[in-house]
Amino acid sequence: MFITFSKEAVERLKSVELEKGKFPRIDATMGGGCGLSVKFSLIFDEARRNDLLFEVAGIKIRIDHFTKRYLQDDIYIDYTDEHRFVIVDSYDSGACSLEI
C-alpha cells in the first residue's frame with residue numbers, strides 16, 4: 001500500500017493538536033442499497049487492536065483491517081479548507097437501476 005499526502009495535508013496534520021490517546025486514522029463508512037459503496041475519511045480516533053500503522057512524511061496513520069480490505073494500493077490524501085481532508089480512493093460494487 002502506498003499513501004501520499006499533498007503538501008497542504010502534511011502541513012495541516014502536523015499542526016493538529018491531538019487529544020491524548022487519539023491518532024489519525026483512515027476509516028471506511030459503508031453505504032448503499034442494492035450496491036455497496038465505501039467512503040473513506042480521515043478521523044482522529046483511539047488505537048484499535050490489530051491496527052496497521054503506516055508512517056508517511058513523519059505522520060503515523062492507522063488503518064484497521066476492515067478498512068484495509070477496501071482500500072486500493074495507492075491512496076492520496078489532500079486537504080482544503082472547504083472539504084477538509086479528502087481521501088482519493090473509493091470502492092463501488094456496481095450501480096443498480098430499476099426499470100419501471
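The figures that follow rest on heavy atoms only: side chains count, while hydrogens, waters and symmetry mates do not.
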Original post:
Is the number of heavy atoms from other residues, nucleotides or ligands under 6.0 Å of Lys22 NZ greater than 12?
Top reply: yes
Original post:
For atom CD of Glu19, is the number of surrounding heavy atoms from other residues, nucleotides or ligands below 6.0 Å larger than 12?
Top reply: no
Looking only at heavy atoms, which two atoms of [X] and [Y] are closest? And how far apart?
| X | Y | value |
| --- | --- | --- |
| Tyr79 | Arg12 | OH-NE, 3.4 Å |
| Tyr76 | Phe5 | CE1-C, 4.2 Å |
| Asp78 | Ala9 | C-CB, 3.9 Å |
| Asp45 | Arg48 | OD2-NH2, 2.7 Å |

**OP:** Check the pair Lys60 / Phe23 against side-chain contact (heavy atoms from CB on, under 4.5 Å), numbers first and verdict last.
**Re:** CA-CA 8 Å; Lys60 294 180 180 177; Phe23 305 94; over 6 Å; no
Subject >> Arg25: which of Ile61, Asp64, Leu42 passes side chain to side chain contact (heavy atoms under 4.5 Å, CB included) >> reply: Asp64
Original post:
Given the rule that I, L, V, M, F, W and Y join up when any side-chain heavy atoms are under 4.5 Å apart, are Phe40 and Phe66 in one cluster?
Top reply: yes
Subject >> Worked verdict on Ile59 versus Lys14 for side-chain contact (heavy atoms from CB on, under 4.5 Å) >> reply: CA-CA 7 Å; Ile59 299 167; Lys14 286 186 175 183; 4.2 Å; yes
Original post:
Taking it one step at a time, do Ile87 and Ile75 satisfy side-chain contact (heavy atoms from CB on, under 4.5 Å)?
Top reply: CA-CA 7 Å; Ile87 298 177; Ile75 302 159; 3.7 Å; yes
**OP:** Output, in order, the C-alpha distance, side-chain angles, deciding distance and verdict of side-chain contact (heavy atoms from CB on, under 4.5 Å) for Ile77 and Ile26.
**Re:** CA-CA 10 Å; Ile77 301 175; Ile26 296 175; 4.0 Å; yes
